[in-house]
Amino acid sequence: MSIAVYLRKEYFRAVTIKDKSAHILEFQYRPQRVDVFENGYQVFRLEYILESRTKAEIIEYYLTDFRLRGKGYGTVCINEITDQLGKKGVTLITAPTGYELAPLGYTGPDQYHELMTGFYEKVGFSISGDGDIAMKILEEE
């Protein structure tokens, strides 16, 4: 079952990342996926499922270039996407804080889980009691 939430298909947003530098990012919304580009190159992808009109689950997200990690791209992209979902009536977003196997470039699942938990807390998510789910309640517009 697929639930449609109509988001603007693509738009540009000026953002400032961690080092205070300004960037123009292009957000492209597709069903269950958001791709973000800078100067025509993909920098970020987020995949999600709408469990209902008001609840979204992030399946995974990643920076397409490992060298971009820690620069602030993930933060500005997650914040923008959660804002857009909130404007369309989504009031709860959940996400796993880790996986059985860590993605390439990480020492293992524990390190990845710790990094993911820290990242989600930084962007306003709460972590469940057992630590396996991040949740964010959005204000209704």
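Here CD1 of I58 is found 4.5 Å from OH of Y120. Values are rounded to the nearest 0.5 Å. Y62 contributes atom OH, which lies 13.5 Å from atom CG of L68 (distance to the nearest 0.5 angstrom). For the atom pair SG (C77) and CG (L25), the distance works out to 5.5 Å, reported to the nearest 0.5 Å. Interatomic distance, OG1 of T91 versus CG of L85, reported as 11.0 Å (0.5 Å rounding). Between the CG atom of L46 and the CD1 atom of I78 there is a distance of 5.0 Å, given to the nearest 0.5 Å.
By the side-chain contact (heavy atoms from CB on, under 4.5 Å) test, K55 is found to be paired with E51, S52, L92, T94, residues two or more places apart in sequence or in another chain being considered. Scored by the ring pair (Phe, Tyr, Trp, His ring centres under 6.0 Å) test, F119 finds Y61 as partners (sequence neighbours excluded). The side-chain hydrogen bond (donor to acceptor under 3.5 Å, both in side chains) test applied to K122 returns T75, not counting sequence neighbours.
Checked by atom type and distance alone, the side chain of K71 never pairs as donor or acceptor with a backbone atom of D19 at under 3.5 Å. Listed for the T64 side chain is a donor-acceptor partner under 3.5 Å among the backbone atoms of Q42.
Evaluation of the salt bridge (Lys or Arg N to Asp or Glu O under 4.0 Å) test over residues 26-42, restricted to residues two or more places apart or in two chains, returns E10-R30, R33-D35, D35-R45. Applying the salt bridge (Lys or Arg N to Asp or Glu O under 4.0 Å) definition to pairs two or more places apart or across chains, those involving residues 60-69 are D65-R67.
At a threshold of 4.5 Å between side-chain heavy atoms, the hydrophobic network of Ile, Leu, Val, Met, Phe, Trp and Tyr places F44 and F66 in one connected group.
Side-chain atoms of V43 and V36, non-hydrogen and from C-beta on, do get closer than 4.5 Å to each other. Side-chain contact between H23 and R13 is absent, with no heavy-atom pair separated by less than 4.5 Å.
In this structure, L50 and A56 approach most closely via the heavy-atom pair CD2-CB, 3.7 Å. Considering all non-hydrogen atoms of both residues, N79 and T82 come closest at O-OG1, 3.1 Å. Considering all non-hydrogen atoms of both residues, A14 and I24 come closest at CB-CD1, 3.8 Å.
Other residues, nucleotides and ligands contribute only 12 or fewer heavy atoms inside 6.0 Å of the CD atom of E114.
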Expected list for residues 124-138: side-chain donor-acceptor pairs under 3.5 angstrom, two or more places apart:
residue, atom, partner, partner atom, Å
S128, OG, D130, OD1, 2.9
S128, OG, G131, N, 3.4
S128, OG, D132, N, 3.4
S128, OG, D132, OD1, 3.2
S128, OG, I133, N, 3.2
S128, OG, I133, O, 3.4
D130, OD1, D132, N, 3.4
K136, NZ, V123, O, 2.9

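As a member of the Ile/Leu/Val/Met/Phe/Trp/Tyr network built from side-chain separations under 4.5 Å, F37 groups with nothing else and remains a singleton.
E80 and Y11 share a donor-acceptor pair across their side chains, judged by distance under 3.5 Å alone.
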